[in-house]
Protein chains: 2
Amino acid sequence: MLDLAILGLLFEQEMHGYEIRRRLRDELGLFANISFGSLYPALSKLERAGAVAVTSEGPSGAGSMIPSTGSLSGERAGLRARRAAAPLAASKRSRKVYRITDEGRIRFEQLLAGEEVDDARSFGLRLAFARHLPPTARLALLERRRAQLTRRLATDLARASGERLDIYTRSLVEHSTESTEHDIAWLDRLIDAERQGSSPVRSEPSSDPRHETPQHQTQ
Amino acid sequence: MLDLAILGLLFEQEMHGYEIRRRLRDELGLFANISFGSLYPALSKLERAGAVAVTSEGPSGAGSMIPSTGSLSGERAGLRARRAAAPLAASKRSRKVYRITDEGRIRFEQLLAGEEVDDARSFGLRLAFARHLPPTARLALLERRRAQLTRRLATDLARASGERLDIYTRSLVEHSTESTEHDIAWLDRLIDAERQGSSPVRSEPSSDPRHETPQHQTQ
DNA sequence: ATTCGATGTATCAACCCGATACATCGAAAT
DNA sequence: ATTTCGATGTATCGGGTTGATACATCGAAT
């Protein structure tokens, strides 16, 4: 679902459609080049459903209020218009800034915790917003994905060993098998880290307090 | 395109829709579970375009063609009444066996040599039928794909190093980068093998003539 | 001064997927 | 023996995705 991606981005801060596409491409990397033919209908549908609301003006803070948004989107606006000639006025083009509603937040958490973790995209999207999940659901997501990949690995191995294939198809199947094994090993590392990080309840809080300094920390 | 997959399978031997789906799933592994909502419209479209033709009977060869006379018109009516008519031909269910035409073979080679090698599926499909390509086009296909992955790797690396991401998104991006590197290494092996196997024009034909013995050899 | 590319919203045809319906058949379960 | 169940087989429908296209404004380079 594309709805999850939209709501997840709007969960952090309000923005317009083009910006949603840009972030999906540049930051997440998922939905490599999401089409506007998908994005705008999805936004309209979410608006009709009451999950998002449009605040028809106010691109990038515009200096009226909010010092926080100024710092957040500042690095983005900086490289876009680094001339600093007239940063206050900005552009008054036709742009519809979307904002998530309370209903949309509920919908977001429903989608994020949903059971349908079929494809790689859907899983990657959920993982990108996994910080909004409680640790239990986060672990469940990882293990669900791992089980899926294990099933796929079994069929891949059966196909690689049993059939008689030409060299190109065989190489394709073998490479697919290796990739799946690689994915499973990655998931195992994530699962381990998740188990390690959640159960030890900071036994020595004074010794080494969090030298990782995670940037986004929502809870 | 799904047309390429269909024509590629029919290129080897004629079969019906359900069988096409089964082979795509069990042998190729691409289009993991292709939907009938895609397959049957695609077959109809190919039939309208003259790329395939339907030979309304003949499951698994089963004793030459056998015009079967009246069953052509009454294939629908016959299936509910006929029981003991043909013990050799096995089931007389409603099945439409498709066969590729000369026009379809031309279309197949056009699609196979086409330049649009965007996604992984399209490339995997072409590679699965790469034995039908001349060595030059085969090498070009591999190198086109490698160039795409190299471009993607560059953007992935930029994303991984530049932005400040939470741990899950960062892990996702890093894993994606590793996967892309893995894919490139695989392509390099394929390209090397392709260069090794094509350029040496059997200088010693008597010494060690091709101990690989590929199973399918269509040309 | 004009071209060019990025930004921004929007729509369309074609395509693909998941679900569903209908129908036949072989085999296991009751 | 009959029912149930799963595999085989063709087909359609709604909804979501894509790629292309259109239109428009703006900043910057030629």
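We name chains A, B, ... by the order of the sequence lines, and we start the count at 1 in each one. Values reported hereafter were calculated over all heavy atoms of this structure, with side chains retained and with hydrogens, waters and symmetry mates removed.
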Using the test side-chain contact (heavy atoms from CB on, under 4.5 Å), find all partners of [X] that sit at least two apart in sequence or belong to another chain.
| X | answer |
| --- | --- |
| Ala51(A) | Leu7(A), Leu46(A) |
| Ser35(B) | Ser38(B) |
| Thr177(B) | Leu153(B), Asp156(B), Leu157(B), Val173(B), Glu181(B) |
| Arg23(B) | Leu9(B), Gln13(B), Met15(B), Glu19(B), Glu27(B) |

For this session: Would you tell me if any nitrogen or oxygen in the side chain of Tyr40(B) comes within less than 4.0 Å of OP1 or OP2 on dA11(D)?
Result: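 For Tyr40(B), the contact criterion (side-chain N or O under 4.0 Å from OP1 or OP2 of dA11(D)) is not met.
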
Exercise. Taking OP1 and OP2 of dT7(C), is either one under 4.0 Å from a side-chain nitrogen or oxygen of Tyr18(A)?
Worked result: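 True: Tyr18(A) side-chain N/O within range (under 4.0 Å) of dT7(C) OP1/OP2.
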
For this session: Tell me, please, which residues at least two apart from Tyr168(A) pass ring pair (Phe, Tyr, Trp, His ring centres under 6.0 Å).
Result: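 With neighbours one apart ignored, the set is empty.
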
Taking [atom1] from [X] and [atom2] from [N], how many angstroms apart are they, rounded to a whole number?
| X | N | atom1 | atom2 | result |
| --- | --- | --- | --- | --- |
| His16(B) | dC25(C) | NE2 | C1' | 14 Å |
| Met15(A) | dT7(C) | CE | P | 15 Å |
| Arg21(B) | dT10(D) | CZ | P | 12 Å |
| Arg25(A) | dT18(D) | CZ | P | 14 Å |
| Leu24(A) | dT18(D) | CG | P | 10 Å |
| Lys96(A) | dA10(C) | NZ | C1' | 9 Å |

Exercise. So His175(B) and His182(A), would you call those rings parallel, tilted or perpendicular, with 30° and 60° as cut-offs?
Worked result: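 Taking His182(A) first and then His175(B), their aromatic rings sit tilted (interplane angle of 30° to 60°).
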
For this session: Take nucleotides 13-22 of chain C nucleotide by nucleotide from the 5' end and write B, S or -, depending on whether a protein heavy atom sits under 4.0 Å from the base, only from the sugar-phosphate, or from neither.
Result: --SSBB----

Problem set entry | Whichever of Arg22(B) and Pro41(B) has its nearest DNA chain D nucleotide further upstream toward 5' |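 Comparing both residues, the 5'-ward one is Arg22(B).
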
